[in-house]
S.K.: 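Take a look at the following structure, please.
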Amino acid sequence: MGGWAIAVHGGAGVDPNLPLQRQEEAKQLLTRCLNLGISALRSNASAIDVVELVVRELETDPLFNSGRGSALTEKGTVEMEASIMDGPKRRCGAVSGLTTVKNPISLARLVMDKSPHSYLAFDGAEEFARQQGVELVDNDYFITPENVGMLKLAKEANAILFDYRIPTVGYETCGAGVESPLQMNGLPISVYAPETVGCVVVDGEGRCAAATSTGGLMNKMTGRIGDSPLIGSGTYACNVCGVSCTGEGEAIIRGTLAREVAAVMEYKGLCLQEAVDFVIKHRLDEGKAGLIAVSNTGEVACGFNSNGMFRGCATEDGFMEVGIWE
C-alpha cells in the first residue's frame, strides 16, 4: 500500500474574472477541509468516515454550492442532493430533492447504513430524515442574499446561470449578457461554473471512498436531478479507486464519468492519472467537467477540461496542493 491520500473539490469551471479575494477564500476553505481530513486519517479514521466528515464541512460553509449556500430553483427554493460510496463492498447511499436536511451527505450515509435501499428522494427522503433524527432546518437557512440576487439575474436573462458566485458589480464582463457558445443538451447556457463539492479518500488500509454534494443549478427546473447523487456518474468507489465529479451534470450523466475512471483502470490497465486524463478527453463529448480521484495504492489525481477547478489534495508522504487554475 502507498499510504493514505485525500482530495477535495469545490466545482469545475471558474470565471476568469473571479475576484482575487473570492479565490483566496476558496483556497482557505479547501485548505481547512484538507487539514480536517488529514487529521482524521492520521487518527486512523476509515475512508468512508473521512469523506463524510469533509463534505459536511463544505456543506456548512456557504462559499460553495452545497448545503447552506445552495443554488436556487426557478421557484426560489433549495433542492439539494448528495451521494456517498464505500469502495470495499461498493455500498452506496444517495438522496435528492432535500429541502430541510442540514447536511445531505450524512443522510446519504444513513440511506447506505440504515435503510434497505440505495437512493431516496423528495418526500420519502425527508420522511426518512425525520425517522433517523437528523438535524432539520427551515429552507430559508440554505438561502443567501447573494443567491437571491443571482436568481434574479438568471430570470432576467432567461437562462440557467452556472456561476452564481460572480458578484453582481461588474457582472456585465462575466458573461451573463454575452452570447455564449456553451450548451446543455443542445440548449444555450450562460456562464459555466457549477460549484458542486466532493471528497475522495484512500485510507491507510487501502480502502477507497467518495462523496459528492450539491444544490444543483441556479434557476434549475423544480425536480431536476443532476449527476451528483447518481452512482457511477457523479460518484463512484470500488476496490480500485474513488472518484467525485463536478461540472455539466448532463454530460457527466451521459458519460457515466466516475465509473469510467474505474473501468479503464480495470480493463485497460491504466494508472490513476492516465485513467483520469483518458476519461476527461474521450468520455465528455462536448461537455465541460472535472473530477478528483484516489487509487487503492495511495495515488491522487485530478483532471478537468474547463478553464479551472477548485481543488486540493494531500498524501501521507507530506505532499499538499491547493489550486484553481491549470
S.K.: Between Leu72 and Thr77, is there a side-chain heavy-atom distance shorter than 4.5 Å?
M.R.: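 Heavy-atom side-chain distance check fails, nothing below 4.5 Å.
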
S.K.: Heavy atoms, side chains only, cut-off 4.5 Å: are Cys313 and Met320 in contact?
M.R.: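 Counting from C-beta outward, Cys313 and Met320 never come under 4.5 Å.
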
S.K.: Considering residues at least two apart in sequence or located in another chain, which fulfil the side-chain hydrogen bond (donor to acceptor under 3.5 Å, both in side chains) criterion with Asp317?
M.R.: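 So Asp317 forms a side-chain hydrogen bond (donor to acceptor under 3.5 Å, both in side chains) with Thr315.
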
S.K.: Would you please name every residue forming a salt bridge (charged side-chain N to carboxylate O under 4.0 Å, His left out) with Arg91, sequence neighbours left out?
M.R.: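 Listed in chain order: Asp86, Asp113.
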
S.K.: Would Thr196 and Phe310 count as a side-chain contact (heavy atoms from CB on, under 4.5 Å) here? Give the steps.
M.R.: CA-CA 10 Å; Thr196 294; Phe310 296 103; over 6 Å; no

S.K.: So, using ring pair (Phe, Tyr, Trp, His ring centres under 6.0 Å) as the criterion, who are the partners of Phe278 when residues are at least two apart?
M.R.: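 Testing Phe278 for ring pair (Phe, Tyr, Trp, His ring centres under 6.0 Å), a comparison that skips the adjacent residues, returns His282.
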
S.K.: Is the closest side-chain heavy-atom distance between Thr100 and Asn139 below 4.5 Å?
M.R.: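 The answer is no, as the side chains (C-beta and beyond) never meet within the 4.5 Å cut-off.
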
S.K.: Measure the CD1-OG distance between Ile253 and Ser228 for me, rounded to the nearest 0.5 Å.
M.R.: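 Interatomic distance, Ile253 CD1 to Ser228 OG, rounded to 0.5 Å: 9.0 Å.
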
S.K.: Indicate yes or no for a side-chain donor-acceptor contact from Thr256 to the backbone of Ile252 under 3.5 Å, with no hydrogens or angles considered.
M.R.: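 Not confirmed, Thr256 side chain does not pair with Ile252 backbone.
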
S.K.: Under 4.5 Å between side-chain heavy atoms, chaining through other members, with only Ile, Leu, Val, Met, Phe, Trp and Tyr counted: pull out the rest of the cluster around Val200, sorted by chain and number.
M.R.: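 Val202, Ile292, Val294, Val300, Phe304, Met309, which link up through side-chain heavy atoms under 4.5 Å apart, make up the rest of the cluster.
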
S.K.: Return the CG to CG distance between Asn35 and Leu30, rounded to the nearest 0.5 Å.
M.R.: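 The CG atom of Asn35 sits 11.0 Å away from the CG atom of Leu30.
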
S.K.: At their closest point, which heavy atom of Ala71 faces which heavy atom of Leu217, and how far apart are they?
M.R.: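 Scanning both residues completely, I find the closest heavy atoms to be CB-C, 3.7 Å.
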
S.K.: Do any N or O atoms from the side chain of Glu81 and from the backbone of Gly226 form a donor-acceptor pair under 3.5 angstrom?
M.R.: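 Yes, Glu81 side chain to Gly226 backbone: donor-acceptor pair under 3.5 Å.
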
S.K.: Would you confirm whether Lys155, through its side chain, and Glu74, through its main-chain N or O, come within 3.5 Å as a donor-acceptor pair?
M.R.: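 Judged by distance alone, yes, a pair lies under 3.5 Å.
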
S.K.: With side chains defined as the heavy atoms from C-beta onward, is the minimum distance between Glu266 and Val240 less than 4.5 Å?
M.R.: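 Result yes, sub-4.5 Å side-chain heavy-atom pair found.
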
S.K.: Quick one: closest heavy-atom pair of Glu79 and Gly223, and the distance?
M.R.: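 So the two residues come closest at OE1-N, 3.1 Å.
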
S.K.: Give a yes or no on whether the backbone of Thr99 and the side-chain of Glu126 come within a donor-acceptor separation of less than 3.5 Å.
M.R.: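 Pair found, side chain donor or acceptor close to backbone of Thr99.
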
S.K.: At their closest point, which heavy atom of Gln23 faces which heavy atom of Leu18, and how far apart are they?
M.R.: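 So the minimum-distance heavy-atom pair works out to NE2-O, 2.8 Å.
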
S.K.: Sub-3.5 Å donor-acceptor pair from the side chain of Thr144 to the main-chain atoms of Asn147, do we have one?
M.R.: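 Here the side-chain-to-backbone pair exists.
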
S.K.: Using modelled atom types only, decide if a donor and an acceptor are shared between the side chain of Glu316 and the backbone of Trp4 within a distance under 3.5 Å.
M.R.: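 Judged by distance alone, yes, a pair lies under 3.5 Å.
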
S.K.: State plainly whether one hydrophobic cluster holds both Ile48 and Leu34, where clusters connect Ile, Leu, Val, Met, Phe, Trp and Tyr through side-chain heavy atoms under 4.5 angstrom apart.
M.R.: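 Ile48 clusters together with Leu34.
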
S.K.: For Glu25, which residues count as a salt bridge (charged side-chain N to carboxylate O under 4.0 Å, His left out) partner, sequence neighbours excluded?
M.R.: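 Testing Glu25 for salt bridge (charged side-chain N to carboxylate O under 4.0 Å, His left out), a comparison that skips the adjacent residues, returns Arg22.
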
S.K.: In the structure I gave you, are the side-chain heavy atoms of Arg311 and Val322 within less than 4.5 Å of one another anywhere?
M.R.: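 No, too far: nothing below the 4.5 Å cut-off.
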
S.K.: I'd like to check the side-chain hydrogen bond (donor to acceptor under 3.5 Å, both in side chains) partners of Arg32; sequence neighbours left out, ordered by chain and number.
M.R.: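 By the side-chain hydrogen bond (donor to acceptor under 3.5 Å, both in side chains) rule, Arg32 matches Glu57, Asp61.
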
S.K.: Test: ring-ring contact (aromatic ring centres under 6.0 Å, His included). Region: residues 209-237. Which pairs qualify, not counting sequence neighbours?
M.R.: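 The answer is none; no pair qualifies.
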
S.K.: Please evaluate residues Glu24 and Leu20 with respect to the criterion side-chain contact (heavy atoms from CB on, under 4.5 Å), reporting the C-alpha separation (whole Å), side-chain torsions for both, the decisive distance (0.1 Å), and the verdict.
M.R.: CA-CA 6 Å; Glu24 188 58 32; Leu20 292 177; over 6 Å; no

S.K.: Show me the pairs that pass salt bridge (Lys or Arg N to Asp or Glu O under 4.0 Å) and involve residues 225-245, at least two apart or across chains.
M.R.: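 Checked against salt bridge (Lys or Arg N to Asp or Glu O under 4.0 Å) - neighbours excluded - no pair reaches residues 225-245.
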
S.K.: Using atom types as modelled and distance alone, determine if a side-chain donor or acceptor of Thr214 lies under 3.5 Å from a backbone N or O of Gly216.
M.R.: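 It does hold such a pair.
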
S.K.: So if you build clusters from Ile, Leu, Val, Met, Phe, Trp, Tyr with side-chain heavy-atom gaps below 4.5 Å, do Met85 and Val55 land together?
M.R.: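 Different clusters.
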
S.K.: How far apart are the C-alpha atoms of Cys271 and Glu299, what are their side-chain angles, what is the distance that settles it, and do they pass the side-chain contact (heavy atoms from CB on, under 4.5 Å) test?
M.R.: CA-CA 9 Å; Cys271 73; Glu299 300 169 288; 4.0 Å; yes

S.K.: Search all heavy atoms of Phe64 against all heavy atoms of Ala26 and return the closest pair with its distance.
M.R.: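 For Phe64 and Ala26, the tightest heavy-atom pair comes out as CZ-CB, 3.8 Å.
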
S.K.: Do any N or O atoms from the side chain of Asp138 and from the backbone of Tyr141 form a donor-acceptor pair under 3.5 angstrom?
M.R.: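 No; zero donor-acceptor contacts below 3.5 Å.
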
S.K.: Between the side chains of Arg109 and Asp49, is the shortest nitrogen-to-carboxylate-oxygen separation below 4.0 Å, so that they form an ion pair?
M.R.: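 Arg109 and Asp49: salt-bridged.
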
S.K.: Same cluster or not: Val276 versus Ile6, using hydrophobic residues (I, L, V, M, F, W, Y) connected whenever any side-chain heavy atoms lie under 4.5 Å apart?
M.R.: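 Cluster IDs for Val276 and Ile6 differ.
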
S.K.: Carefully, step by step, assess Met80 and Phe142 under the rule side-chain contact (heavy atoms from CB on, under 4.5 Å).
M.R.: CA-CA 10 Å; Met80 300 166 291; Phe142 304 104; 3.5 Å; yes

S.K.: Return the CD1 to OG distance between Ile84 and Ser244, rounded to the nearest 0.5 Å.
M.R.: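 So the CD1 of Ile84 and the OG of Ser244 are separated by 11.0 Å.
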
S.K.: Not counting sequence neighbours, which residues clear side-chain contact (heavy atoms from CB on, under 4.5 Å) with Leu53? List them please.
M.R.: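 Expected list: Leu36, Ala40.
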
S.K.: Is the closest basic N to carboxylate O distance between Glu59 and Arg56 below 4.0 Å?
M.R.: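 Arg56 and Glu59: not salt-bridged.
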
S.K.: By side-chain hydrogen bond (donor to acceptor under 3.5 Å, both in side chains), which residues pair with Ser96, not counting sequence neighbours?
M.R.: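 If we apply the side-chain hydrogen bond (donor to acceptor under 3.5 Å, both in side chains) test to Ser96, skipping adjacent residues, the hits are Tyr119.
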
S.K.: Using the test side-chain hydrogen bond (donor to acceptor under 3.5 Å, both in side chains), find all partners of Ser83 that sit at least two apart in sequence or belong to another chain.
M.R.: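 Testing Ser83 for side-chain hydrogen bond (donor to acceptor under 3.5 Å, both in side chains), a comparison that skips the adjacent residues, returns Thr235.
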
S.K.: Rounded to the nearest 0.5 Å, what separation is found between the CG atom of Asn219 and the NZ atom of Lys75?
M.R.: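 Going from the CG atom of Asn219 to the NZ atom of Lys75 covers 12.5 Å.
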
S.K.: Same hydrophobic cluster for Val148 and Val78, using side-chain heavy-atom links shorter than 4.5 Å among ILVMFWY?
M.R.: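 Hydrophobic grouping puts Val148 with Val78.
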
S.K.: Could you measure the distance from the CD atom of Glu52 to the SG atom of Cys199? Nearest 0.5 Å is fine.
M.R.: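 SG of Cys199 is found 11.0 Å from CD of Glu52.
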
S.K.: Ignoring hydrogens and angles, tell me if any N or O in the side chain of Asn296 forms a donor-acceptor pair with the backbone of Cys241 under 3.5 Å.
M.R.: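 The answer is no, because no donor-acceptor pair under 3.5 Å joins these two groups.
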
S.K.: With a 4.5 Å heavy-atom cut-off, do Thr246 and Leu291 have their side chains touching?
M.R.: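 Side-chain contact under 4.5 Å: no.
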
S.K.: Please name all residues satisfying salt bridge (charged side-chain N to carboxylate O under 4.0 Å, His left out) with Asp277, sequence neighbours left out, ordered by chain then number.
M.R.: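 Residues passing salt bridge (charged side-chain N to carboxylate O under 4.0 Å, His left out) with Asp277: none at all.
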
S.K.: Say whether Leu230 and Leu257 are linked into one hydrophobic cluster, either directly or through other cluster members, by side-chain heavy-atom distances under 4.5 angstrom.
M.R.: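 Not linked; separate clusters.
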
S.K.: Show the nearest heavy-atom pair for residues Ala237 and Arg90, with the distance to one decimal.
M.R.: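 Nearest pair, atom of Ala237 first, then Arg90: O-CG, 3.6 Å.
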
S.K.: Look only at the side chain of Asn307 and the backbone of Trp325, and say whether a donor-acceptor pair between them is shorter than 3.5 Å.
M.R.: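 Not a single qualifying donor-acceptor pair exists.
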
S.K.: Taking atom OG of Ser233 and atom CD1 of Ile225, what is their separation to the nearest 0.5 Å?
M.R.: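 Answer rounded to 0.5 Å: 12.0 Å.
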
S.K.: If I compare all heavy atoms of Cys208 with all of Pro88, which pair ends up nearest, and what's the gap?
M.R.: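 Answer, listing the atom of Cys208 first, then Pro88: O-CD, 3.8 Å.
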
S.K.: Answer whether the closest heavy-atom distance between the side chains of Glu250 and Arg224 falls below 4.5 Å.
M.R.: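 Answer yes - side chains close enough.
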
S.K.: Tell me, do Arg283 and Arg254 make a side-chain contact under 4.5 Å, heavy atoms counted?
M.R.: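 Not in contact.
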
S.K.: So with a 6.0 Å cut-off around CZ of Arg130, is the heavy-atom count from everything else above 12?
M.R.: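 Enclosed: over 12 neighbouring heavy atoms sit under 6.0 Å from CZ of Arg130.
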
